[in-house]
2 protein chains.
Amino acid sequence: MSKSDRPTEITTPTHERVFRALRSEIMHGEITPGQAITIRGIAETYGVSMTPAREAVRRLTAEGALSLSKTGRVSAPQLSTERIEELASIRALLEPELAARAQPRAHLALIERLQNINTTIEQMIVKKDAVGYIRSNLEFHRTLYLRAQAPAMLAMVETVWLQLGPTMSALYARLQRPNAAGHHRTAIAALRAGDEPGLKLAIRADVTQGLRMLGS
Amino acid sequence: MSKSDRPTEITTPTHERVFRALRSEIMHGEITPGQAITIRGIAETYGVSMTPAREAVRRLTAEGALSLSKTGRVSAPQLSTERIEELASIRALLEPELAARAQPRAHLALIERLQNINTTIEQMIVKKDAVGYIRSNLEFHRTLYLRAQAPAMLAMVETVWLQLGPTMSALYARLQRPNAAGHHRTAIAALRAGDEPGLKLAIRADVTQGLRMLGS
DNA sequence: ATGCGGATTTTGTGATCACATTTCCGGCGA
DNA sequence: TCGCCGGAAATGTGATCACAAAATCCGCAT
């Protein structure tokens, strides 16, 4: 079979599958800060051998999603207050830029989709579903930023989200009423009006809001 | 031996050693864009087995320092013009902030060290030593930013440097006279004068300068 | 009860192997 | 001369094993 050769179905490697699954769990706050992770545990959970589990852990630690103790033990990171503020600063620097770049390309269908996602966010808030809230909140931001056509910048921001994942879930758990939906509405209005400064401000406010109740 | 137990000398793992060595090579432009990398080749070069070599490669790819083809082949990335501009934008966003944060903590000894490094940079320029130029240029920035006490932000910037490494060396090779030393002098002067806006501007100009001659 | 010491289990690490696929290269035919 | 084909070499992938260090657990003495 040489001529009608189909492009040889590519099977995503095992370590890639494990990596994506773990990454999603961490980013969406399904892992508690400080929670111990073992390579053999991952391997058993996903029914694979140690090798791909180890590679997934390596990639995650390279992204700062997992932290290693001096002895090589793996765990979800426990972020210090300073670290959290720093990561929030990075978000505050990058995300308004991404939003501004997305603005000229944001057509009506996108804005409607953002509104739908925002409705979901509000539902998650009343349901007090922390994981669902984080997931849909990130989906809101990602949907907007994807229009920026800036994959490297988006990847960088996602890395920050990843590092904040476990902490965010623990943080929002004690959070009575996140105002994200409000900031999102402001952002959508600015998006509609073509108001770039307003959009950047709304995104910045949304990003740094979770930081404020940190002093409690 | 229970009481006088020394803290059990920790030996840095093999995969860590290989990772650091490779990372340094890539960041400093000792790898050509598109250059093929093989796991077995790395293993042989460093006299280790495939396992730690693979883990080092995984971490590097997670940082964007290496790129994988669909078939899993590893190579140094060939960045598109858009990607380069994007990475420069990230630098332009983060590095002025790092400089501004470092400013209040920058004492005289630091400024002198920066001047020394800048002298080295000028020597590298006249010697047309691309790798040496990149290395000392990054050392200049890192020395300044270390004072910012913002490890997460610095790590993020270093990731960008890493991604730009191979391209930078190929780029500066055809570059007649980098003006980095000049921008650095301006930055040092602003640092001395406590002129934060001037410092941020100088850093931004320095960071985006390499971008301009990209249209050639 | 409580702290301590040693045995036991757990865990990360590195090496090796087998396998499937891809890539490379040399030769053959149009 | 150019293109194609087939085998050989190279490469990534996943599994398994042995080993050392660390963490845990259990019983004992105070």
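Just so it is clear, the values below take in all heavy atoms, side chains as well, and ignore hydrogens, waters and symmetry mates. Numbers restart at 1 for each chain; the letters A, B, ... are given by sequence-line order, proteins then strands.
- For residues 26-42 of chain A, the pairs satisfying salt bridge (charged side-chain N to carboxylate O under 4.0 Å, His left out) are A:E30-A:R135, with sequence neighbours left out.
- Among residues at least two apart or in separate chains, salt bridge (charged side-chain N to carboxylate O under 4.0 Å, His left out) pairs with a member in residues 112-125 of chain A are A:E122-A:R185.
- One atom, CD of A:E44, and another, C1' of C:dT11, lie 13 Å apart when rounded to the nearest Å.
- When the side chain to side chain contact (heavy atoms under 4.5 Å, CB included) test is applied to A:A102, the partners found at least two apart in sequence or on another chain are A:L144, A:R147, A:A148.
- Sorted by first and then second residue, the pairs that involve residues 138-168 of chain B and meet ring pair (Phe, Tyr, Trp, His ring centres under 6.0 Å), not counting sequence neighbours, are B:F140-B:H184, B:H141-B:Y145, B:H141-B:H184.
- For B:R59 and C:dG12, the CZ to C1' distance is 14 Å, given to the nearest whole Å.
- For B:V74, the side chain to side chain contact (heavy atoms under 4.5 Å, CB included) criterion is met by B:I37, B:V57, B:L66, not counting sequence neighbours.
- A straight line from NZ of A:K70 to C1' of C:dG12 spans 16 Å, rounded to a whole angstrom.
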Mark up nucleotides 7-18 of chain D, 5' to 3', with B wherever a protein heavy atom is under 4.0 angstrom from a base atom, S wherever such an atom reaches only the sugar-phosphate, and - elsewhere.
----BBBBBB--
